[in-house]
Amino acid sequence: MFRKVIAGDKTLSFRFEGTDVRAEAGDSVALALLAAGIDSSRDSVVSGQPRGPYCLMGACFECLVVIDGVQNRQGCQVQVREGMVIARQRGGRNTSADPQG
Amino acid sequence: MSASVIEHAARLAPCYDVVVVGAGPAGLSAATQVASEGLSVLVLDENPAPGGQIYRAITLHAQTGREYLGAAYWSGKPMAEAFLESPLTYAPGARVWSLDPASPEDDEPCARVGVSLGGTSRHVQARKVILATGALERPMPVPGWTLPGVMTAGAAQIALKSAGLAPSGRVVLAGCGPLLYQLAVQLQDAGADIVALLDTGPGIGSAWQWLPPFLFSPYVLKGLSLLAKVRRRVRVVSGVRHLQILGDAKARQVLFQTARATETLDADLVLLHQGVIPETALANSAGCALEWSESIRAFQPKIDALGRSSHADIFVAGDGARIGGALVAAQTGQAVALAVLAQLRPGRAEHYERQRLAALKRSAWLQRGRRFIDAAYLPTQPFLAPQDSSTMVCRCEEVTAGTVREAARRGASGPNQLKTFTRCGMGPCQGRLCGPTVVELLAQEGRISPAHLGTYRLRPPIKPLRLAEIAGLPATADAIHAVTGVWPPLPDAR
Amino acid sequence: MEQREIVIVGAGLMGAALAWALAGLGHDVLVLDGGDLDPRASRANLGLVWVSDKGLNQPDYAILSRDAALHWPAFAELLQAQTGIDLQLQQPGGFNFALSEQELEKLTSNMAAIAQQTGGELGRYEILDREETRARVPDIGPSVVGASFCPYDGHVNSLRLFNALHLAMTARGVDYRPCHPVERIDPADSGFTLTGAWGSVGARKVILAAGVDNTRLAPMVGLNAPLMRSKGQVIVTEKCRPFFPCVSGALRQTGEGSVLIGESQETQTLSLAVNHDISAVLAERAARVFPVIADLNVVRIWTGWRVKTPDGMPIYEQSQAYPGAFVMLCHSGVTLTALHAMEIAPHISAGMLPPRLQAFQSRRLHVSQSHCGG
């Protein structure tokens with residue numbers, strides 16, 4: 001859905017749902033996922049609809065993903081890092097006794 | 001001397017002369033001004049670098065190769081750089097979640113700001129607070145707007161500015177307002193394939209009465225040339241009355257109707273925009289009075305000529321007070337800072353007042369023609385209060401327009417009772433994306449002005465934070481007694 | 001002027017439950033409600049259907065709460081059948097967790113005293129040590145030293161309850177008018193005249209169910225409704241998959257998944273602003289009871305005024321000076337709703353509150369007020 005108009009110099013790699021994804025240092029997780037062609041990163045809480053980022057500025061809470069085991073993180077507010085493990089936020093979260101993905 | 005950048009709550013001082021919330025043009029300008037006079041200033045901003053949304057990431061990348069962002073964008077760089085050279089404390093990545101005005105009972109009244117920084121929360125005191133929280137996109141609730149692949153124009157600009165990302169597939173722009181046209185040019189210059197710009201605006205016919213000042217304003221030439229540029233390069237459809245986004249797991253097509261025809265366009269990305277409105281969550285939760293603005297059909301904080309809210313220690317500047325754009329925000333940020341300085345340094349009040357009036361004069365000049373733009377781009381009723389009952393209004397709780405209208409008919413007396421009737425507004429976005437629509441729907445159903453309806457009353461935290469962070473805040477004996485009914489033992493004498 | 005048989009002031013859980021029940025008994029009912037931002041205990045509560053640890057030294061109140069809990073299943077079934085709304089009533093029994101030996105001792109002695117004072121009626125409960133608590137609630141944290149458990153306790157989705165009552169009362173022909181605050185009530189020949197900015201309406205009977213506004217209205221009809229200032233605060237988390245199948249007096253998980261954390265009482269403040277110090281204590285205690293929720297995001301903290309008399313018991317009373325005027329107020333209104341609808345409404349319909357409710361007349365407060373010097 002998105003492509004880099006101007007390439008940065010620092011690339012890195014993270015994992016999304018078991019697959020390696022390349023990204024640029026400094027990009028937010030939400031943007032890195034969009035750049036990798038992933039339009040939807042969560043299922044809505046009430047009815048499980050696929051959702052993707054809407055505002056990219058922290059207001060809509062649609063870009064929620066699991067980052068390194070921490071659930072319901074706003075992907076647009078977190079910078080992507082080498083080796084990050086990211087998973088879809090499938091509906092509501094669990095307590096830390098039983099984390100998702 | 002340069003700004004002191006902090007990344008953890010433990011490094012926050014207990015008290016500052018001025019706390020500025022937001023590092024967009026208003027916040028940057030205000031903070032730089034106050035800091036230049038030697039007072040202690042703390043600037044709290046959610047983003048990793050200064051600039052807010054309009055000048056997003058402006059200090060992070062070189063201009064070379066990024067000319068598509070436009071001259072207006074790059075003109076903000078000196079301000080951001082001057083900010084980073086100012087003797088102030090700057091906390092990027094800080095989440096402000098509460099604001100309490102000073103209590104008149106205190107000996108030295110101070111406002112309290114709740115901040116989450118580096119995973120820990122603290123309360124910081126401030127003699128004065130300047131809110132520069134900027135604007136939000138007005139939601140554009142059309143059928144299918146919750147599908148993946150539908151975003152705001154602002155989101156596309158953030159992608160472009162902060163990560164150099166442009167849409168790779170077929171883009172449909174829909175809505176109204178100058179920002180949509182600006183985006184069209186930026187995206188085109190970045191190589192995007194824009195299938196069409198579907199203009200849902202009412203047209204300048206609705207704005208005739210404001211035309212004269214607009215003709216003499218700084219906007220007219222830029223605006224006209226922008227419109228002409230876009231129309232030359234992109235298919236623009238005016239007078240769009242109905243819009244629907246189609247797709248299963250993601251957006252695939254846009255169906256639109258004008259007076260003459262119905263058409264469906266294939267799309268990979270749909271970008272919606274129908275203006276921006278003040279972000280008032282923090283002011284609202286602090287108990288600052290809000291008022292309804294008919295000209296932009298949105299709630300805004302009530303402020304006096306100095307930019308002071310209904311609480312004497314809380315000031316509001318920039319788009320978070322009155323929508324005016326980046327250049328106006330820089331002036332009002334400075335003006336508000338000078339008002340604050342006059343109060344904190346009464347000995348120099350006359351000097352500050354002269355400068356403040358000069359800033360206001362510049363701001364007024366920059367705002368000529370604003371009423372015309374507001375009127376010409378005010379969304380029409382169907383795009384404010386969706387007719388289709390299946391259209392999602394509250395994205396978080398998945399409440400449709402039909403449910404809201406039905407609750408209104410059953411007697412939900414306002415937006416707050418509506419929460420009780422439907423859960424609308426109870427999700428993590430705390431009404432940022434549904435509040436404006438809810439107000440319009442209730443106003444229409446009840447034939448009552450939004451001014452009389454009011455909006456959601458917000459309470460802290462205005463952004464979510466972990467239970468553990470709240471648990472980590474200091475507890476007082478009074479609070480322990482209020483919860484347990486028992487007074488805690490006195491600490492041992494040491 | 002419009003004339004009605006019964007006018008109820010207030011459409012919260014109290015007013016709506018009475019309206020529904022009375023309409024079901026064939027009465028003509030008009031409900032006048034306040035505005036969008038009026039204080040409403042009905043949207044500021046934990047949703048508990050709670051019996052244990054209530055009514056210490058007040059056996060009538062302890063038994064009242066127990067009886068309310070017993071009415072709940074039939075009440076919920078009736079409402080659900082009429083509206084199709086699942087109230088998510090669960091009565092699995094409830095825990096009060098103790099985070100120190102002193103807390104456990106206090107629970108133990110309170111529950112024993114209540115059992116003794118009620119002649120054994122409230123004798124069904126257990127005091128559990130840490131191991132026993134952990135066997136039943138595996139997720140409790142290391143600071144939990146024990147708990148009380150009472151089989152009568154439970155919870156309900158109080159927003160759905162509110163909605164169901166409103167739907168059901170409307171379906172039964174109740175006339176509901178929001179944004180009709182009552183300024184004055186004047187006794188008249190055929191009953192009462194209620195007046196506001198919207199006009200006037202006549203009523204043969206009037207029921208004051210206006211929560212904290214009852215204090216102002218009650219004297220107009222020869223009644224008395226003194227209330228103490230009692231501010232409660234509750235933390236609400238994001239939605240979470242079910243982790244706690246039971247319920248506790250300070251924490252419950254709603255059917256939607258949010259965790260509600262209470263309880264607190266402030267009596268000296270005039271402001272409904274969130275008290276951050278109290279949030280800290282509530283959060284800290286909750287995270288000690290259930291460490292697994294420490295990472296949940298808090299999305300809302302709200303506060304509200306309890307409708308609480310100085311001794312905490314309800315006021316259910318008919319005016320002696322002006323028969324036909326009733327005041328009905330209580331805190332813990334979710335628990336008592338079933339009792340109001342199923343047991344008290346029929347008596348109001350018949351014109352007289354039952355003898356067992358005499359303990360809840362306001363004159364008891366005049367006595368205790370004079371003892372304490374007001």
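In what follows, every chain begins at residue 1, and chains take the letters A, B, ... in the order their sequences are listed.
With chain C as partner, the option from B/Glu469, B/Arg112, B/Lys463, B/Arg423 having the largest number of non-hydrogen pairs under 4.5 angstrom is B/Arg423. Of the listed residues (C/Ala294, C/Gly34, C/Ser279, C/Cys179), the greatest number of heavy-atom pairs within a distance under 4.5 Å of chain B belongs to C/Ala294. Most heavy-atom pairs under 4.5 Å with chain C: of the set B/Gly427, B/Gly454, B/Pro415, this distinction falls to B/Pro415. Options C/Arg40, C/Glu284, C/His276, C/Glu256 differ in how many heavy-atom pairs under 4.5 Å they form with chain B, and the most are formed by C/His276. In terms of non-hydrogen atom pairs under 4.5 Å with chain B, the most contact-rich of C/Glu103, C/Gln265, C/Lys106 is C/Gln265. For chain B, the option among C/Ala286, C/Ala280, C/Gly262 with the highest count of heavy-atom pairs below 4.5 Å is C/Ala280. Contact count against chain B (heavy-atom pairs under 4.5 Å) is highest for C/Leu272 among C/Asn275, C/Leu272, C/Asp38, C/Val259.
Identified by a heavy-atom distance below 4.5 Å to chain C, contributing residues of residues 277-291 of chain B are lacking entirely. Of residues 475-484 of chain B, those residues with a non-hydrogen atom less than 4.5 Å from any non-hydrogen atom of chain C are, in numerical order, B/Ala475, B/Thr476, B/Ala479, B/Ile480, B/Ala482, B/Val483, B/Thr484. At a heavy-atom cut-off of under 4.5 Å, chain C is reached by B/Trp97, B/Ser98, B/Asp100 from residues 95-102 of chain B, listed in order of number.
Proximity to chain B (any heavy atom under 4.5 Å) is shown, for C/Gln268, by neither the backbone nor the side chain. Interface residue B/Pro474: only backbone heavy atoms are found under 4.5 Å from chain C. Neither the backbone nor the side chain of C/Arg288 comes within contact range of chain B; no heavy atom of the residue lies under 4.5 Å from a heavy atom of that chain. For a residue to count as touching a neighbouring chain, one of its non-hydrogen atoms must lie under 4.5 Å from one of that chain's; by this rule C/Ile235 touches chain B with the side chain only. Looking at C/Ser271, there are no atoms closer than 4.5 Å to chain B (heavy atoms on both sides), in backbone or side chain. The parts of C/Ile293 that come within reach of chain B are both its backbone and its side chain, each placing non-hydrogen atoms under 4.5 angstrom from that chain. Of the atoms belonging to C/Thr170, not a single heavy atom falls under 4.5 Å from chain B. Of the atoms belonging to C/Arg285, it is side-chain heavy atoms, and not backbone ones, that fall under 4.5 Å from chain B. Contacts of B/Ile462 with chain C are absent, with no heavy-atom separation under 4.5 Å from either backbone or side chain. When heavy atoms are compared at a cutoff of 4.5 Å, B/Arg410 approaches chain C by way of both its backbone and its side chain.
Remark: B/Ser413 OG to C/His180 NE2 distance equals 11.5 Å, nearest 0.5 Å. With values rounded to the nearest 0.5 angstrom, C/Asn297 atom CG is found 9.5 Å from B/Leu467 atom CG. The structure places CG of B/Leu473 at 13.0 Å from CD1 of C/Ile278, a figure rounded to the nearest 0.5 Å.
Proximity of C/Ile301 to B/Pro460: side-chain heavy atoms (C-beta onward) are nowhere separated by under 4.5 Å.
Counting only distance, with no hydrogens or angles, the side chain of C/Glu238 and the backbone of B/Pro428 share no donor-acceptor pair below 3.5 Å. In terms of modelled atom types and a separation under 3.5 Å, the side chain of C/Arg300 and the main chain of B/Arg459 share no donor-acceptor contact. Between the side chain of C/Asp36 and the main chain of B/Gln417, a donor-acceptor pair closer than 3.5 Å is present.
Between B/Glu397 and C/Lys239 there is a salt bridge, since at least one side-chain N of the basic residue sits less than 4.0 Å from a carboxylate O of the acidic one.
Among C/Val236, C/Leu159, C/Val299, the single residue meeting the side chain to side chain contact (heavy atoms under 4.5 Å, CB included) criterion with B/Met426 is C/Leu159.
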Are C/Arg43 and B/Asn416 close enough, and set up right, to give a side-chain contact (heavy atoms from CB on, under 4.5 Å), and what steps lead you there?
CA-CA 10 Å; C/Arg43 65 179 188 219; B/Asn416 295 286; 3.7 Å; yes
Would B/Arg466 and C/Leu296 count as a side-chain contact (heavy atoms from CB on, under 4.5 Å) here? Give the steps.
CA-CA 5 Å; B/Arg466 288 178 314 124; C/Leu296 291 188; over 6 Å; no
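Under the rule for a side chain to side chain donor-acceptor pair (under 3.5 Å), the partners of B/His8 that lie at least two apart in sequence or sit in another chain are B/Thr120.
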